[in-house]
Amino acid sequence: MVWWITTVVCICGALLIQYLCSSKILRMKQAISIKNMALRDVRAEGERLDEQETELSNQQTSLTHGIRRLRGDIKALGPRLREREITVPEPDFPLSELEEGLDG
């Protein structure tokens, strides 16, 4: 009879150890899965930010070229307007800032 009790206790102990180990492994797998999802999200966000940076850089270049074209047009229109005696209002911002922005 003692052998039966010992056998049952050993089997129950082995099942308990298996349960604890498998639950620990399951928690580790879940943690790894969560970290992998977070890493994927961070990489996707990084790629999105890189695309946005490229787009903004292209927009900045386009605006800079547009400003340069407009500056040339304004310089060409100035003498014509003076010939026709049309007054041109002074800008309400310093033109030096515009010049510095174009150099960079």
Side-chain angles (χ1 to χ4, degrees):
M1 184 71 159
V2 174
W3 292 105
W4 285 103
I5 295 173
T6 305
T7 305
V8 170
V9 169
C10 287
I11 291 173
C12 288
L15 290 174
L16 181 63
I17 290 171
Q18 181 184 7
Y19 169 76
L20 293 174
C21 290
S22 64
S23 66
K24 175 85 173 169
I25 290 171
L26 180 62
R27 284 194 302 272
M28 289 171 61
K29 284 183 177 182
Q30 288 173 339
I32 289 170
S33 177
I34 290 170
K35 288 178 184 178
N36 283 339
M37 287 190 310
L39 184 60
R40 253 184 270 129
D41 290 345
V42 167
R43 285 181 180 158
E45 182 70 13
E47 289 173 4
R48 189 185 67 76
L49 288 175
D50 287 343
E51 291 171 3
Q52 194 174 30
E53 178 185 13
T54 302
E55 182 180 333
L56 289 173
S57 177
N58 291 340
Q59 288 177 359
Q60 181 182 9
T61 302
S62 176
L63 287 172
T64 301
H65 291 305
I67 290 170
R68 287 182 179 156
R69 282 193 306 272
L70 287 173
R71 187 176 61 188
D73 292 345
I74 290 170
K75 285 182 181 179
L77 283 174
R80 284 193 219 162
L81 293 174
R82 281 189 219 106
E83 288 174 6
R84 294 183 183 178
E85 296 178 359
I86 299 173
T87 59
V88 178
E90 291 296 318
D92 59 351
F93 58 91
L95 293 176
S96 61
E97 289 180 7
L98 187 61
E99 297 293 328
E100 290 172 3
L102 292 175
D103 294 337

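Not measured: the values here are computed from a predicted model. Reckoned from all heavy atoms, side chains included, excluding hydrogens, waters and symmetry mates.
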inquiry  = Going by salt bridge (Lys or Arg N to Asp or Glu O under 4.0 Å), name the pairs with one or both residues in residues 47-67, residues two or more places apart or in two chains.
reply    = E45-R48
Measure the spacing between [atom1] of [X] and [atom2] of [Y] and express it to the nearest 0.5 Å.
X: L63; Y: R68; atom1: CG; atom2: CZ; answer: 12.0 Å
X: I86; Y: L77; atom1: CD1; atom2: CG; answer: 9.5 Å
X: T61; Y: Q59; atom1: OG1; atom2: CD; answer: 10.0 Å
X: L39; Y: M37; atom1: CG; atom2: CE; answer: 11.5 Å
X: E85; Y: E83; atom1: CD; atom2: CD; answer: 10.5 Å

ask   = Tell me, do R69 and H65 make a side-chain contact under 4.5 Å, heavy atoms counted?
value = yes
What side-chain donor-acceptor pairs closer than 3.5 Å can you find for residues 17-32, not counting sequence neighbours?
| residue | atom | partner | partner atom | Å |
| --- | --- | --- | --- | --- |
| S22 | OG | Q18 | O | 3.0 |
| S22 | OG | Y19 | O | 3.0 |
| S23 | OG | Y19 | O | 3.2 |
| S23 | OG | L20 | O | 2.9 |

task = State which residues pass side-chain contact (heavy atoms from CB on, under 4.5 Å) with T6; sequence neighbours excluded, sorted by chain then number.
result = V2, C10
